[in-house]
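Numbers restart at 1 for each chain; the letters A, B, ... are given by sequence-line order, proteins then strands.
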Number of protein chains: 2
Amino acid sequence: MEARHANEPARLDRIGTTTSNPGVGERQRERIIRAATVVFSRKGYDGARVEAIARKAGMPKGNVLYYFKSKKALYRVVIKQVLSLWLEALGNVAVDGNPEEAIRQYVNRKLALSRNHPEASRLFAMEVISGAPIINDHLSGELRRWVEEKGRVFKKWQEEGLMAKIDPAHAFFMIWAVTQTYADFEAQIQAVTGAKDYDQEIYSDAAGEVVDALVRGLGLKRDQGSSLQSA
Amino acid sequence: MEARHANEPARLDRIGTTTSNPGVGERQRERIIRAATVVFSRKGYDGARVEAIARKAGMPKGNVLYYFKSKKALYRVVIKQVLSLWLEALGNVAVDGNPEEAIRQYVNRKLALSRNHPEASRLFAMEVISGAPIINDHLSGELRRWVEEKGRVFKKWQEEGLMAKIDPAHAFFMIWAVTQTYADFEAQIQAVTGAKDYDQEIYSDAAGEVVDALVRGLGLKRDQGSSLQSA
DNA sequence: ACCTGAATTGACCGAATGGTCAACTTTACC
DNA sequence: GGTAAAGTTGACCATTCGGTCAATTCAGGT
């Protein structure tokens, strides 16, 4: 008992040596995080039971508390991982090239995130709805700066008449709202559409129209000089 | 102890008689519901403490359980009230008159709902994110029928070239997503914009642009024969 | 074979919480 | 003013849950 409760990724040294496998407990740790993400996203922090997480991860409760010193500590790790996923996908909006193509790509990437990580999306949503007690600093720090930076590009586009005059921040809010809704409100969309295969019918079939509507709503124009096509 | 645990609005008979005031405990009941809406919307079902609700309603815990036989029963009452608020605001989309004006009005009404009842919006969101365990039937029943009905009108508009070709259901999903985001993700929007006065800066100042963007995105045209103006 | 530390597990504990209850107060009606 | 029901309150109970711990097993190094 020495590596106990280390919230960092644990020692990744001596990787590749014959004897030391790629992190004995590292695999466990990841299984726990994955299970916790699912449970937290459905039940919220208080509703989630440590034992439920343990069962989903296929191990006794005690083992979960062996790797994470407390439920709260586990939650922090999970939510920060989710946040970094969010910011990462946000990361690169191709500000050069034509505006339409750039945003279209961005929206699609965001939509793919909702599709491939719906639990992460829901967990993030729950955090924010609860007042973002844990990630507030990140929102008013990193995220805010990121929006300001990209916002300047939007302003330029708007001056060139390539984008509708709308507060850049709110343009992002619109995009985020629409893309996240497909993960967060899946239950509602499922109920209303009666889709048999959500993934197929919603993301594959209908998403295209929605992206078009967003691009149209933001009044994005194809830059004259550009040659990239949206396929 | 006879009217105990009656989940209905309780006897509203003999209203107006001198002696019987307008529902002695009826006022209490409403205070509890209002308090519960706030607490549930921030903490989720499991995170909400009965005692916290009681404190916010200004009475001891025992009193809350006197009016509602259990926490779960209280939750059901609260969430159903929220749902009816939702459906009520959904109720009338003026399908006659010009499409642009109709939707503009609808979006504005929905936005007002987020503004005036942010807790209700958040609670609704939490329910859905959790898989809508309680209101699922309503979603796949009432709401679904409502969307189908209004959807037919959208189809007609689309055939007349007054609206962009987009699955009507998804048009609604877009509208709901954008309008709800201002209530549900208030913490994020607050953090990113740094707004001093959320209500003013967001709803009064910025909302207009967003409504415009939505209308534009859905490709809504002003019907020729109509004379109504959007002010 | 032996040793050492990591990992696993189930029993156990204390705190917190939903819910009950019995005593008490207020209100409405004769 | 008497009475019965409605409403109020705090003490109390049973359960659940997060977290601890000691006992045990497992893996790698010598």
Side-chain angles (χ1 to χ4, degrees), chain A residues 1-7 10-32 35-36 39-40 43-78, chain B residues 1-6 8-32 35-36 39-40 43-76 78:
Chain A
M1 62 165 90
E2 205 259 303
R4 267 194 89 154
H5 303 153
N7 280 359
R11 72 297 304 278
L12 294 178
D13 35 71
R14 35 168 236 251
I15 278 185
T17 55
T18 319
T19 45
S20 66
N21 43 25
V24 194
E26 208 45 37
R27 198 160 298 157
Q28 296 290 64
R29 183 174 277 266
E30 271 162 38
R31 289 182 62 180
I32 294 171
V39 177
F40 278 133
K43 308 295 192 93
Y45 176 77
D46 291 280
R49 302 295 160 218
V50 174
E51 202 232 311
I53 294 171
R55 215 179 323 122
K56 180 158 287 241
M59 61 185 74
K61 185 181 71 168
N63 212 354
V64 170
L65 276 309
Y66 171 74
Y67 283 102
F68 298 89
K69 99 162 183 285
S70 71
K71 181 184 177 183
K72 200 165 203 167
L74 172 57
Y75 182 72
R76 280 207 205 88
V77 171
V78 169
Chain B
M1 66 163 90
E2 205 258 307
R4 263 193 92 156
H5 304 152
E8 330 94 54
R11 74 296 305 277
L12 293 178
D13 35 72
R14 33 168 239 248
I15 278 185
T17 57
T18 319
T19 44
S20 65
N21 44 24
V24 194
E26 209 44 36
R27 198 160 296 156
Q28 297 289 64
R29 185 176 275 267
E30 269 163 37
R31 289 181 62 181
I32 294 170
V39 177
F40 278 133
K43 308 295 191 91
Y45 176 77
D46 291 280
R49 302 295 161 216
V50 174
E51 203 233 311
I53 294 171
R55 217 181 321 122
K56 179 156 289 237
M59 60 185 75
K61 185 180 69 167
N63 214 355
V64 171
L65 276 310
Y66 170 75
Y67 283 101
F68 299 89
K69 97 163 186 284
S70 70
K71 180 184 177 182
K72 200 164 203 166
L74 172 58
Y75 181 72
R76 279 205 205 90
V78 169

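- Remark: P of D/dT20 and CD of A/Glu51 are 17 Å apart, rounded to the nearest angstrom.
- Between B/Phe68 atom CZ and D/dG7 atom C1' there is a gap of 14 Å when expressed in whole angstrom units.
- Closest contact between the side chain of B/Gln28 and the listed nucleotides D/dT8, C/dG19, D/dG18 involves D/dT8.
- Distance, B/Lys69 NZ to C/dG19 P: 10 Å, rounded to whole Å.
- For A/Arg49, taking side-chain heavy atoms from C-beta onward, the closest of the listed nucleotides D/dG7, D/dC17, D/dG19 is D/dC17.
- In this structure, CG of A/Leu65 is placed 13 Å from C1' of C/dT9, rounded to the nearest angstrom.
- Atom P of nucleotide D/dA11 and atom OH of B/Tyr66 are separated by 21 Å, given to the nearest angstrom.
- When the C1' atom of C/dT27 is taken as reference, atom CZ of B/Arg27 falls 14 Å away, rounded to whole Å.
- Within residues 54-63 of chain B, the residues approaching DNA chain D are B/Pro60, B/Gly62, B/Asn63, by heavy-atom distance under 4.0 Å.
- C/dA16 atom P lies 15 Å from atom NZ of A/Lys71, rounded to whole Å.
- Of all non-hydrogen atoms in B/Ala36 and B/Val78, the two that sit nearest each other are CB-CG2, 3.8 Å.
- Note: CZ (A/Arg29) to P (C/dA6) measures 13 Å, nearest angstrom.
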